[in-house]
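Order of listing sets the numbers, starting from 1, for every ligand and every atom in it.
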Amino acid sequence: MEKAKGMPKSAPNVETLFKELVDLEVRTSTDTAVKDLTKDKSKDMYKNMEDIRNFEESAKRYFAAGEIPGFVHLYAGEEAIATGVCAHLSDDDYITSTHRGHGHCVAKGGNLKGMMAEIFGKATGLGKGKGGSMHIADIDKGILGANGMVGGGFGIATGAAMRNKYKKNGKVVVCFFGDGAANEGIFHECLNMASIWNLPIVFVNENNFYAEATPQWYSSSSQTIAERAVAYNMPGVRVNGKDIVAVYETAGEAIERARKGEGPTLIECVTYRNYGHFEGDEQKYKASSGEEKEWADVDPLDVFRDYVIESDLLTEEELDDLREESKRDVEEAVKYAKESPEPQPEALHEDVFAD
Ligand SMILES: Cc1ncc(C[n+]2csc(CCOP(=O)(O)OP(=O)(O)O)c2C)c(N)n1
Ligand SMILES: [Mg+2]
């Protein structure tokens, strides 16, 4: 594959560089035969994507209103990845998440009320209101934690996979990470170790083409993230991350491979975030207004709606009902969070050390 442009010698045509990367080949649902997408599974997946979207839209609204402390990095636009991957996992399997972690946690079964209360900083939150958005975790659901450190999940995920292999417990680990994290040293160390030890792990890259304001064409020596898998002797697949059916199929193969003891896989999901890096980001670094407009038309929820209607899996009415149900669930979570008490000062030193 042609080498990426890297640091340009003269002023780059940013729009062209961006487009070049976006236009590289990806796997889509038309390339795949979906084996086990039942009506019930489709309902669960659509409801889950709606839950993530509604959760994020609420987080956006209440952050702007000053009711959510700290920072929030929204997952809106990337729903198909977390949902399509986690649809293959049970509570016994593990995930590690990122600073953009709400979607991963919802998809892995994180309780909406407990999550919302956590980002509101309330005592009823999953972390008793002490962690907030970037530290949501729920060990009982296999959520090993969102992470404020870019690349922080690699070591945790690889360690958990090492333990799973040692214990022969059949559990799989999924490590979500961004395009920026793929340029951290620990990415290379962990893919290497996962490969030599043949660990039950899937590395799921969410390539939204930006790490904060830094575009991928500028910061990556390889054009794709998936092609780096060759260096670590594992399969590398680049898939359309806006197309949940393609993500679901690709992740299903990788997770099955990991469960059978055949080792790790690297999946690159091509996507784009609906909003700024964090809430309040003016996004002046974006290649052009055209770039944002083009991607705004690609809504993963609509892509899935079209697919299930065309495949006679769900009707428009059923989809609308699920959308309404999700809105109600998220509204209830907001109400719960707002009405919950603040953590008390006495609780500050609790939960610091393991008992
Ligand atoms: C080790 C480390 N370096 C830098 C930062 C600051 N930082 C926070 S998010 C981010 C960009 C991450 O980009 P990417 O991995 O592509 O994830 P995305 O935000 O696009 O989902 C950076 C540089 C950090 N939190 N941790
Ligand atoms: Mg990114």
>> Whether the Arg238 and Thr224 side chains hold a donor-acceptor pair (N or O, under 3.5 Å, no angle test) is what I'd like checked.
In response: no
> Taking both backbone and side-chain atoms of Met149, is any N or O found less than 3.5 Å from an N or O belonging to ligand 1?
Replying inline: no
> What protein heavy atom is closest to atom 5 (C) of ligand 1, reported as residue, atom name and distance in Å?
Replying inline: Val150 CG2, 3.9 Å
>> With carbon and hydrogen excluded and only N/O/S kept, which atom of Asp179 is nearest the Mg ion (ligand 2)?
In response: OD1
> So which of Ile81, Ile225, Val202, Val85 actually passes side chain to side chain contact (heavy atoms under 4.5 Å, CB included) with Ile267?
Replying inline: Val202
>> Tell me the nearest of Glu206, His99, Gln216, His73 to atom 17 (O) of ligand 1, using heavy-atom distances.
In response: His99
> What residue and atom, counting heavy atoms only, is the protein's closest point to atom 15 (O) of ligand 1, and at what distance?
Replying inline: Ala181 N, 3.0 Å
> Looking at atom 21 (O) of ligand 1, what's its closest protein heavy atom, distance included?
Replying inline: Arg100 NE, 2.8 Å
> Less than 4.5 Å apart, any side-chain heavy atom of Tyr232 and any of Pro264?
Replying inline: no
>> Run Arg53 and Asn274 through side chain to side chain contact (heavy atoms under 4.5 Å, CB included) and show every step you take.
In response: CA-CA 10 Å; Arg53 176 67 56 89; Asn274 280 6; 3.9 Å; yes
> Heavy atoms only: which of Glu184, Glu212, Arg273 is nearest to atom 3 (N) of ligand 1?
Replying inline: Glu184
> Would you call Phe120 and Ser340 a side-chain contact if the rule is heavy atoms closer than 4.5 Å?
Replying inline: no
> Heavy-atom contact under 4.0 Å between Gly151 and ligand 1?
Replying inline: no
>> Quick check: Phe209 with Tyr272 (ring centres under 6.0 Å apart)?
In response: no
>> Need the ligand 1 atom indices (1-based, order shown) with element for anything under 4.0 Å from a heavy-atom of Gly178.
In response: 14 (P), 15 (O), 16 (O), 17 (O)
> Looking at Phe55, Phe176, Tyr75, which hits ring-ring contact (aromatic ring centres under 6.0 Å, His included) with His102?
Replying inline: Phe55
> Of all the atoms in ligand 1, which lie at a distance below 4.0 Å from a heavy atom belonging to Asn208?
Replying inline: 18 (P), 20 (O), 21 (O)
> Is there side-chain contact between Val106 and Glu79, with heavy atoms separated by less than 4.5 Å?
Replying inline: no
> Hey, is the Mg ion (ligand 2) within less than 2.8 Å of some N/O/S atom on Asn208?
Replying inline: yes
> Near Ala211, which atoms of ligand 1 are under 4.0 Å from a heavy atom of that residue?
Replying inline: 11 (C), 13 (O), 16 (O)
>> If you define the side chain from C-beta out and look only at heavy atoms, does anything of Tyr275 sit under 4.5 Å from Lys60?
In response: yes
> What part of Phe177, side chain from CB on, backbone N/CA/C/O, both or neither, has a heavy atom under 4.0 Å from ligand 1?
Replying inline: neither
> Can you list the atoms of ligand 1 that are under 4.0 Å from a heavy atom of His277?
Replying inline: 9 (S), 10 (C), 11 (C), 19 (O)
> Under the 6.0 Å and 45° cation-pi test, does Lys41 pair with Tyr248?
Replying inline: no
>> Suppose we measure from atom 25 (N) of ligand 1 to each protein heavy atom; which comes out shortest, and what is that distance?
In response: Gly148 O, 2.9 Å
>> Taking a cutoff of less than 4.0 Å between a non-hydrogen atom of the residue and any ligand atom, is Asp179 in contact with ligand 1?
In response: yes
>> Using the rule given for side chain to side chain contact (heavy atoms under 4.5 Å, CB included), can you reason through Leu112 versus Val330, listing the C-alpha separation, both sets of side-chain angles and the distance that settles it, and then say yes or no?
In response: CA-CA 7 Å; Leu112 290 179; Val330 172; 4.3 Å; yes
> What's the shortest distance from atom 14 (P) of ligand 1 to any protein heavy atom, and which residue and atom give it?
Replying inline: Gly180 N, 3.4 Å
> Got a sec: is Tyr210 within less than 2.8 Å of the Mg ion (ligand 2) via an N/O/S atom?
Replying inline: yes
